[in-house]
A.B. asks: 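Okay, here's the structure, questions in a sec.
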Amino acid sequence: MSSQKLKIGILGATGIVGQNYIKLLINHPWFDIVDLAASPNSAGKSYEEAVKDKWQMSTNIPEKIKGLIVRDVQDYKNLPSDLDFVFSAVNMPSKDQIKEVELNYAKNDIPVVSNNSAHRSSPDVPMIIGEINHNHTDIIGIQKKLRGLSKGFIVVKPNCSIQSYMTPIYALKEAGYEVNKLIVTTLQAVSGAGYPGVSSLDMIDNIVPYIGSEEEKTENEPLKIFGTIGENGIINSTSIEISATCTRVPVNDGHTACTSIKFKDKIPERDEIIDIWRNFKSLPQKLNLPFAPIQPIIYLDKIDRPQPKKDRDNDKGMAVTVGRLRKDNIFDYKFIGLSHNTIRGAAGGAILNAEILKVKGFFE
Ligand code: NAP
């Protein structure tokens with residue numbers, strides 16, 4: 001029954017990630033969308049009117065959402081009094097503005113489950129991939145204490161391509177095979193740049209070999225995900241060195257990652273690696289959470305896979321699909337990982353994080 005569900009809001013509801021939230025959450029068993037917010041340009045309009053020229057989903061706007069009036073993200077006076085938490089996916093002129101907005105919601109006793117990069121490097125803000133570091137929710141108490149928060153807090157998810165290679169690497173680490181060097185080249189879809197994103201003339205028949213700040217995120221965020229809990233938050237791991245090249249390619253959805261790895265000491269056989277990946281399960285699977293992929297890592301034997309068009313939607317867009325595991329002439333192995341950037345890498349990944357937070361009692 002809808003009345004028993006948690007009441008949630010979406011900040012940045014009119015953007016690409018916001019639209020994905022609406023599509024993915026409309027029938028969610030635990031969460032009910034009651035509030036939509038975006039920029040002052042959209043504020044005061046019905047949702048249908050606000051997105052009339054930019055709705056990008058393959059399904060229609062759900063009937064119950066069309067008539068909701070969009071609120072300005074910074075209009076705190078008209079916040080519904082009974083919001084349980086918000087998902088945040090806003091693009092604002094500066095990261096400091098996003099940081100401030102998210103903190104203001106937390107100060108208003110509204111937990112924030114974010115897609116934005118603004119708080120990713122704050123040590124007291126957990127940055128979570130559900131299958132890897134769900135235990136980092138343990139620092140929420142530290143965050144509340146340091147920032148004087150009561151019911152509100154901020155949790156983020158990492159950059160949209162990271163799970164494509166870090167989940168396979170984590171599965172190997174869990175099995176006793178630690179990777180300590182990684183070279184990754186990402187081929188990132190245009191939807192990763194939001195709407196309207198990169199111009200069609202720049203993108204068709206082309207590859208853009210640079211995405212602002214993306215290589216820094218790709219090299220640094222995994223260190224926090226593999227980090228340990230200290231007195232003031234997460235202490236970044238020093239166990240892995242990463243070198244990244246990030247490119248934008250003319251693909252709608254689905255970020256591909258060509259990855260070479262070197263093991264710290266023991267090197268597993270190829271068949272064993274594939275076996276580890278195919279059998280990997282973590283907390284979201286054990287808890288059978290609504291958005292958990294049944295098999296978080298799908299390994300495909302076919303030599304020409306994974307491909308974005310054919311594999312990005314595996315397990316409702318929540319699985320990481322991997323293929324082409326082979327020997328590397330310089331490192332130990334190389335493989336190709338793929339995941340859906342706006343689902344697993346954005347809205348879906350954050351929904352999974354919210355499900356973990358709910359089960360752990362953080363919204364009570
Ligand atoms: P987008 O399509 O450009 O949407 C941006 C959203 O932010 C819109 O709802 C927009 O509202 C709102 N906004 C813009 N300026 C604002 C302002 N001054 N005040 C309040 N709201 C404002 O971007 P997106 O791709 O959805 O990305 C949103 C966030 O998620 C970004 O931080 C991005 O880095 C992150 N992210 C994106 C992806 C991806 O694959 N796209 C993946 C992971 C993380 P209006 O429509 O009213 O302008």
Side-chain angles (χ1 to χ4, degrees), residues 9-24 35-57 61 65 68-76 86-102 104-105 112-120 127-129 154 156-164 186-198 211-214 216-218 221 246 248-249 251-256 308 312 317 338-353:
I10 301 168
L11 313 182
T14 51
I16 288 282
V17 178
Q19 294 176 23
N20 272 279
Y21 274 123
I22 287 169
K23 181 179 166 186
L24 296 173
D35 183 56
L36 303 174
S39 79
N41 290 338
S42 302
K45 295 179 185 164
S46 69
Y47 186 75
E48 186 178 29
E49 172 68 12
V51 296
K52 70 175 185 320
D53 298 323
K54 54 184 176 187
W55 179 256
Q56 292 293 308
M57 301 296 100
I61 306 171
I65 299 297
L68 289 183
I69 302 299
V70 179
R71 193 173 51 78
D72 178 348
V73 163
Q74 295 189 77
D75 172 8
Y76 304 105
V86 292
F87 289 106
S88 173
V90 284
N91 259 339
M92 294 178 83
S94 82
K95 273 189 189 180
D96 284 342
Q97 281 172 286
I98 299 181
K99 267 190 176 175
E100 192 187 322
V101 161
E102 293 188 339
N104 282 340
Y105 277 82
V112 178
V113 181
S114 178
N115 290 92
N116 302 309
S117 60
H119 273 293
R120 286 184 197 152
M127 175 163 61
I128 294 176
I129 292 179
I154 303 165
V156 298
K157 62 161 295 308
N159 183 259
C160 43
S161 65
I162 285 181
Q163 65 281 336
S164 326
T186 63
L187 315 172
Q188 302 190 197
V190 287
S191 62
Y195 184 84
V198 191
I211 307 174
S213 306
E214 203 75 356
E216 293 82 345
K217 291 177 193 166
T218 308
E221 291 182 9
C246 297
R248 184 79 68 201
V249 297
V251 162
N252 277 351
D253 292 310
H255 288 353
T256 300
R312 63 190 167 209
L338 166 82
S339 61
H340 198 303
N341 54 299
T342 59
I343 302 182
R344 180 74 226 207
I351 294 169
L352 186 62
N353 285 349

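In listed order, ligands and their atoms are each counted from 1. All residue numbers in this chain count up from 1 along the given sequence.
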A.B. asks: Between Lys157 and ligand 1, is there a nitrogen or oxygen pair with a distance under 3.5 Å?
C.D. replies: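 No.
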A.B. asks: Closest non-hydrogen protein atom to atom 33 (C) of ligand 1, residue and atom name please, with distance?
C.D. replies: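 Residue, atom and distance for the closest contact: Asn91 OD1, 4.2 Å.
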A.B. asks: To the nearest 0.1 Å, how far is atom 4 (O) of ligand 1 from its closest protein heavy atom, and which atom is that?
C.D. replies: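 Looking only at protein heavy atoms, the one closest to atom 4 (O) of ligand 1 is Gly15 CA, 3.1 Å.
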A.B. asks: Applying side chain to side chain contact (heavy atoms under 4.5 Å, CB included) between Met92 and each of Gln74, Lys99, Glu100, report the one that passes.
C.D. replies: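 With Met92 as partner, Gln74, Lys99, Glu100 yield a single side chain to side chain contact (heavy atoms under 4.5 Å, CB included), made by Gln74.
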A.B. asks: With atoms numbered from 1 as shown, which atoms in ligand 1 lie under 4.0 angstrom from a non-hydrogen atom of Val73?
C.D. replies: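 Those atoms are 20 (C), 21 (N).
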A.B. asks: Would you compute the distance between atom CD1 of Ile65 and atom CD1 of Ile10 and round it to the nearest 0.5 angstrom?
C.D. replies: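 That separation rounds to 6.5 Å.
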A.B. asks: Got an N/O contact under 3.5 Å between Ser191 and ligand 1?
C.D. replies: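 By distance alone, the answer is yes.
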A.B. asks: Judging by distance only, is a nitrogen or oxygen of Ala193 under 3.5 angstrom from one on ligand 1?
C.D. replies: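 No, there is no polar N/O contact under 3.5 Å.
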A.B. asks: Could you pull out, from Gly194, Gly349, Ala346, Pro196, the option with a heavy atom nearest to atom 25 (O) of ligand 1?
C.D. replies: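 Heavy atom nearest to atom 25 (O) of ligand 1 belongs to Gly194.
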A.B. asks: Which of the numbered atoms in ligand 1 are under 4.0 angstrom from any heavy atom belonging to Ser42?
C.D. replies: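 In order of number, 45 (P), 46 (O), 47 (O).
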A.B. asks: In the protein, what heavy atom is nearest to atom 40 (O) of ligand 1, and what distance, to one decimal place, separates them?
C.D. replies: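 Scanning the protein heavy atoms, the shortest distance from atom 40 (O) of ligand 1 goes to Asn341 ND2, 3.1 Å.
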A.B. asks: What is the minimum heavy-atom distance between Lys157 and Ala346, and which atoms define it?
C.D. replies: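 Closest heavy-atom pair between Lys157 and Ala346: CD-O, 3.3 Å.
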A.B. asks: Does any N or O in the side chain of Arg71 come within less than 3.5 Å of the main-chain N or O of Tyr76, such that one atom is a donor and the other an acceptor?
C.D. replies: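 Between the backbone of Tyr76 and the side chain of Arg71 there is no qualifying donor-acceptor contact (under 3.5 Å).
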A.B. asks: Mark up the atoms of ligand 1 that fall under 4.0 Å of a heavy atom belonging to Asn115, in ascending order.
C.D. replies: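 This gives 30 (O), 35 (C), 44 (C) as the contact atoms.
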A.B. asks: Is the closest N or O pair between Gln74 and ligand 1 shorter than 3.5 Å?
C.D. replies: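 N/O-N/O distance below 3.5 Å does not exist for this pair.
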A.B. asks: State the CG-CD distance between Leu338 and Gln163, to the nearest 0.5 angstrom.
C.D. replies: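 The distance works out to 10.0 Å.
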A.B. asks: What protein heavy atom sits nearest atom 32 (O) of ligand 1, and how far off is it?
C.D. replies: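 So the nearest neighbour among protein heavy atoms is Asn116 OD1, 2.7 Å.
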A.B. asks: Between Thr186 and Gln188, does any side-chain donor sit less than 3.5 Å from a side-chain acceptor?
C.D. replies: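 Result is yes, a qualifying pair exists.
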A.B. asks: Can you confirm whether Ile129 sits close enough to Arg344 that some side-chain heavy atom of one is under 4.5 Å from a side-chain heavy atom of the other?
C.D. replies: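 Yes, their side chains come closer than 4.5 Å.
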A.B. asks: Is there a nitrogen or oxygen of Val17 sitting under 3.5 Å from a nitrogen or oxygen of ligand 1?
C.D. replies: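 Indeed, backbone or side chain, Val17 has an N or O that close.
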A.B. asks: Is there side-chain contact between Asn41 and Thr14, with heavy atoms separated by less than 4.5 Å?
C.D. replies: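 No - every pair of side-chain heavy atoms lies 4.5 Å or more apart.
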A.B. asks: Give the atoms of ligand 1, by number and element, whose distance to some non-hydrogen atom of Ala38 is under 4.0 Å.
C.D. replies: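 Listed by number with element: 9 (O), 11 (O), 20 (C), 21 (N), 47 (O).
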A.B. asks: Does Ile16, backbone or side chain, put an N or O under 3.5 Å from an N or O of ligand 1?
C.D. replies: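 Yes, there is a polar N/O contact under 3.5 Å.
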A.B. asks: Considering only heavy atoms of Cys160, which atoms of ligand 1 have at least one such atom less than 4.0 Å away?
C.D. replies: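 Matching atoms, with element in brackets: 42 (C), 43 (C).
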A.B. asks: Check each atom of ligand 1 against the heavy atoms of Lys54 and keep those under 4.0 Å away; list them by number with element.
C.D. replies: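 Those qualifying, in numeric order: 45 (P), 46 (O), 48 (O).
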A.B. asks: Any nitrogen or oxygen of Gly12 lying under 3.5 Å from a nitrogen or oxygen in ligand 1? Just yes or no.
C.D. replies: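 Yes; the residue has a nitrogen or oxygen that sits under 3.5 Å from a nitrogen or oxygen of the ligand.
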A.B. asks: For atom 28 (C) of ligand 1, what is the nearest protein heavy atom, given as residue, atom name and distance?
C.D. replies: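 For atom 28 (C) of ligand 1, the nearest protein heavy atom is Ala89 O, 3.3 Å.
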A.B. asks: Let me see the working for Thr342 and His255 under side-chain contact (heavy atoms from CB on, under 4.5 Å), right down to the final yes or no.
C.D. replies: CA-CA 9 Å; Thr342 59; His255 288 353; over 6 Å; no
A.B. asks: Less than 4.5 Å apart, any side-chain heavy atom of Leu11 and any of Tyr21?
C.D. replies: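 No. Closest side-chain heavy atoms not under 4.5 Å.
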A.B. asks: Among Ala118, Gly192, Ala43, which one has a heavy atom closest to atom 39 (C) of ligand 1?
C.D. replies: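 Shortest heavy-atom distance from atom 39 (C) of ligand 1: Gly192.
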A.B. asks: How far is atom 11 (O) of ligand 1 from its nearest protein heavy atom, and which residue and atom name does that atom have?
C.D. replies: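 Heavy-atom neighbour on the protein nearest atom 11 (O) of ligand 1: Thr14 OG1, 3.1 Å.
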